[in-house]
Amino acid sequence: MKISKKFRSNLITYALVILAFVICQIAIEGIIPGFKMTRSLKGQLVPICVYIVMAVSLNLTVGISGELSLGHAGFMSVGAFSGIIMSSWLLGAFQFENETLRLLIAMITGGVMAGIAGVLIGIPVLRLRGDYLAIVTLAFGEIIRNVLNCLYFSLDGGRLYVSFNNPDIPGKLLLNGPTGATGVGKIATFTMGFVLILFTLFVVLNLINSRSGRAIMAIRDNRIAAESMGINVTKYKMMAFVVSAALAGMAGALYGLNYSTVTATKFRFDTSILVLVFVVLGGIGNIRGSIIAATVLTILPEVLRAFSDYRMLVYAIVLIVVMLATNSPLLGNLKNKLRSSKLVTRFFPLKEEAAIKEGDEK
Amino acid sequence: MISFLSHLVNGLSLGSVYAIIALGYSMVYGIAKMLNFAHGDVIMVGGYISFCAALYWGMPPVISVLVAMVVCTVLGVVIERLAYKPLRAASSLAVLITAIGMSYFLQNMAQLIWGANPKSFPSVVSIPSISLFNGQLLISGETIVTVLANIIIMTALTLFTGKTKMGRAMRAVAEDKGAAELMGINVNATISLTFAIGSALAAIAGVLLCSAYPTLMPTTGSMPGIKAFTAAVFGGIGSIPGAFVGGILLGVIEILGKAYVSTELGDAFVFAVLIVVLLVKPTGLLGKKVHEKV
């Protein structure tokens with residue numbers, strides 16, 4: 001059986017994630033002496049999973065669909081708060097004790113709510129193009145945050161109360177406007193994070209390699225040409241956007257249930273940019289790159305605590321330099337010259353030339 | 001009624017600041033077809049420079065504003081040369097990400113230099129406030145200066161782009177870069193000039209903004225920057241009167257929304273306006289419609 005190149009590449013991605021999970025489990029259990037995970041790194045495991053899912057899902061919008069979304073953290077917050085409310089409601093109203101199942105239901109709720117938000121936002125946003133789309137997604141991220149700051153949810157004897165801009169509702173407050181959600185049960189686990197990553201990869205990789213995925217990429221490469229081939233632009237753009245939003249919502253639910261307090265300020269514009277840095281550094285459109293970049297850039301600040309003041313500065317420089325290096329004609333010419341110089345081609349034949357040679361031999 | 005008038009005056013003052021910032025966005029967008037995300041942070045740098053000039057070097061307020069303008073002008077031109085010029089032929093996604101990176105760079109640089117703690121900005125305006133209706137309505141000196149500065153800048157820029165040779169070159173480059181180059185216009189110099197003017201205006205806006213709302217932080221510029229972009233889109237991007245109208249209207253909407261609906265939702269109102277405008281009239285109030293060619 002001939003395995004296609006794409007399929008092999010996807011298998012490598014899955015294998016990489018599973019391998020990393022096994023190594024982490026070995027390190028947590030301390031099976032091999034001298035190879036044990038520190039407490040601070042253990043605390044980072046769930047955030048790493050969350051950021052991987054965020055990066056992969058944003059890559060679907062930015063890399064595959066070619067639309068710059070600056071409001072990804074907004075979907076994350078929708079997922080986080082709806083997940084928290086769902087989890088507290090299940091516990092309060094039904095004495096639902098099974099934590100794994102509760103987390104799972106919370107994550108699905110988060111995904112569905114964020115997906116609905118994605119549809120509502122996508123309808124107006126996806127009619128716009130380029131810079132306008134970016135600024136409107138940013139605006140929506142801010143609106144979501146503003147609205148969440150005014151929302152109050154409370155639980156009273158199994159009944160859920162909602163109010164807008166008015167904290168006087170009966171029962172115990174679950175979501176307290178600007179102070180956010182407090183007293184959340186920390187039920188997120190690393191294993192669940194791992195399962196979520198696998199699920200995300202399954203959804204995104206299958207979408208990319210499907211008929212729909214090819215349509216999405218065709219729209220990215222040339223909207224007018226794709227449209228004249230009979231591709232429904234709005235439908236496919238919407239598909240990528242909503243899937244991306246729903247996955248971000250699931251990640252948000254996992255993130256929200258990993259802390260005892262969650263406020264809307266955690267999902268500011270900065271978080272959207274952070275995830276964008278992961279995507280850009282890992283390679284726009286490269287799913288495996290996103291995973292690696294998200295992991296490394298989440299661990300790195302923990303390891304390099306001494307440089308924590310310079311972290312964001314370095315991120316900013318990385319964004320600029322990567323963009324200049326990959327897009328500037330100046331550096332591009334240099335690369336071409338290097339590539340076509342005889343010394344280099346002798347040892348590393350150009351892909352096209354190699355293909356021609358192979359064809360000759362046949 | 002008096003409270004409504006007072007909110008209206010506050011809205012006018014805030015809107016004038018937005019209008020001055022929006023001009024920088026609008027001109028750069030019109031000519032370079034890029035959203036200069038770092039523009040909001042140039043405002044913040046202008047605020048800090050003027051703050052330092054007045055407080056540490058003991059300069060009089062007017063001179064400190066001039067120093068801030070010069071520094072911001074240089075900064076704007078340098079940013080354009082280093083980060084945006086190499087990407088002139090690149091996709092808009094690449095340019096936008098670079099601009100976001102630049103915005104973050106400026107914010108974090110400012111945080112390293114001046115610290116994250118907010119600084120209390122001393123007002124540069126020494127004009128006494130005017131009280132009307134037996135002192136019921138108070139118009140502060142800052143408001144008067146801001147509105148006046150806005151009107152002067154608008155008039156000057158309209159004359160500049162309409163009457164001078166450089167202004168005409170700017171309009172030509174905005175219309176068609178290739179054709180402008182064939183006509184002997186130095187496109188790169190014209191784009192640099194646009195960035196210079198925009199950044200100098202950003203410095204003025206920064207000082208005026210901080211005089212009215214005297215907390216200066218590394219993130220001071222980002223929100224007004226985004227709102228000013230909204231104003232530019234609202235009025236029609238690329239148009240100078242559009243930036244004026246959009247800025248004023250947006251300032252008034254924000255202040256009235258905060259006063260009569262909800263303080264928490266003030267920003268949400270501004271962005272809702274942006275979304276509605278883009279959906280109903282994507283070219284803005286005074287913008288020109290451009291047809292897409294295949």
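Below, all heavy atoms of this structure are taken into account, side chains as well, without hydrogens, waters or symmetry copies. Owing to the predicted nature of the structure, the values given are computational and were not obtained by experimental measurement.
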Worksheet item: Could you name the residues of residues 136-153 of chain A that have a heavy atom within less than 4.5 Å of a heavy atom in chain B?
Response: A/Val136, A/Leu138, A/Ala139, A/Phe140, A/Glu142, A/Ile143, A/Asn146, A/Val147, A/Asn149, A/Cys150

Practice prompt. Below 4.5 Å from any heavy atom of chain A, which atoms of B/Leu112 appear? Answer side chain, backbone, both or neither.
Written response: side chain

Discussion item. Please classify the contact of B/Met34 with chain A as side chain, backbone, both or neither, using a heavy-atom distance under 4.5 Å.
Written reply: backbone

Worksheet item: Is it the case that more than 12 heavy atoms not belonging to A/Met229 sit under 6.0 Å from its CE atom?
Response: no

Practice prompt. Give a yes or no answer on whether the side chain of B/Asp41 reaches the backbone of B/Met44 with a donor-acceptor pair at less than 3.5 Å.
Written response: no

Response to the item:
Sorted by chain and number, sequence neighbours left out, salt bridge (Lys or Arg N to Asp or Glu O under 4.0 Å) with B/Glu254 holds for B/Lys227, B/Lys258

Practice prompt. Using the salt bridge (charged side-chain N to carboxylate O under 4.0 Å, His left out) rule, collect all pairs that involve residues 229-242 of chain B, keeping only residues at least two apart or in two chains.
Written response: none

Discussion item. Tell me if the aromatic rings of A/Phe241 and A/Phe75 count as close, with their centers under 6.0 Å from one another.
Written reply: yes

Fill in: Parallel, tilted or perpendicular, as decided by the 30° and 60° cut-offs, for the rings of B/Tyr84 and B/Phe195
tilted

Discussion item. Are there over 12 heavy-atom neighbours, none belonging to B/Met170, within less than 6.0 Å of that residue's CE?
Written reply: yes

Discussion item. Is it the case that the ring center of B/His7 lies less than 6.0 angstrom away from the ring center of B/Tyr260?
Written reply: yes

Discussion item. Report which part of B/Ile275 has an atom under 4.5 Å of a heavy atom belonging to chain A: side chain, backbone, both, or neither.
Written reply: side chain

Worksheet item: Which bit of A/Leu313 is near chain B, if near means a heavy-atom gap under 4.5 Å: side chain, backbone, both or neither?
Response: both

Discussion item. Let's test your reading of the structure: which of B/Val95, B/Ile100, B/Leu274 forms the most heavy-atom pairs below 4.5 Å with chain A?
Written reply: B/Ile100

Worksheet item: Does any heavy atom of chain A fall under 4.5 Å from the side chain of B/Lys85, the backbone, both, or neither of them?
Response: neither

Worksheet item: Does any heavy atom of chain A fall under 4.5 Å from the side chain of B/Phe37, the backbone, both, or neither of them?
Response: side chain

Discussion item. Counting only non-hydrogen atoms closer than 4.5 Å, does A/Asn222 touch chain B with its backbone (N, CA, C, O), its side chain (CB onward), both, or neither?
Written reply: neither

Discussion item. With a 4.5 angstrom heavy-atom cut-off, is it the side chain or the backbone of B/Ile226 that approaches chain A, or both, or neither?
Written reply: side chain

Worksheet, complete the sentence: Shortest non-hydrogen pair, A/His72 vs A/Ser244, comes out as CE1-OG, 3.1 Å

Worksheet entry | Residue A/Val322 versus chain B: region with a heavy atom under 4.5 Å | neither

Worksheet entry | Donor-acceptor under 3.5 Å (B/Lys177 side chain, B/Ala174 main chain) | no

Fill in: Pairing residues for A/Glu227 by the salt bridge (Lys or Arg N to Asp or Glu O under 4.0 Å) criterion, not counting sequence neighbours
A/Arg223

Discussion item. Is B/Val233 in contact with chain A via its backbone, its side chain, both, or neither, using a 4.5 Å heavy-atom distance?
Written reply: side chain

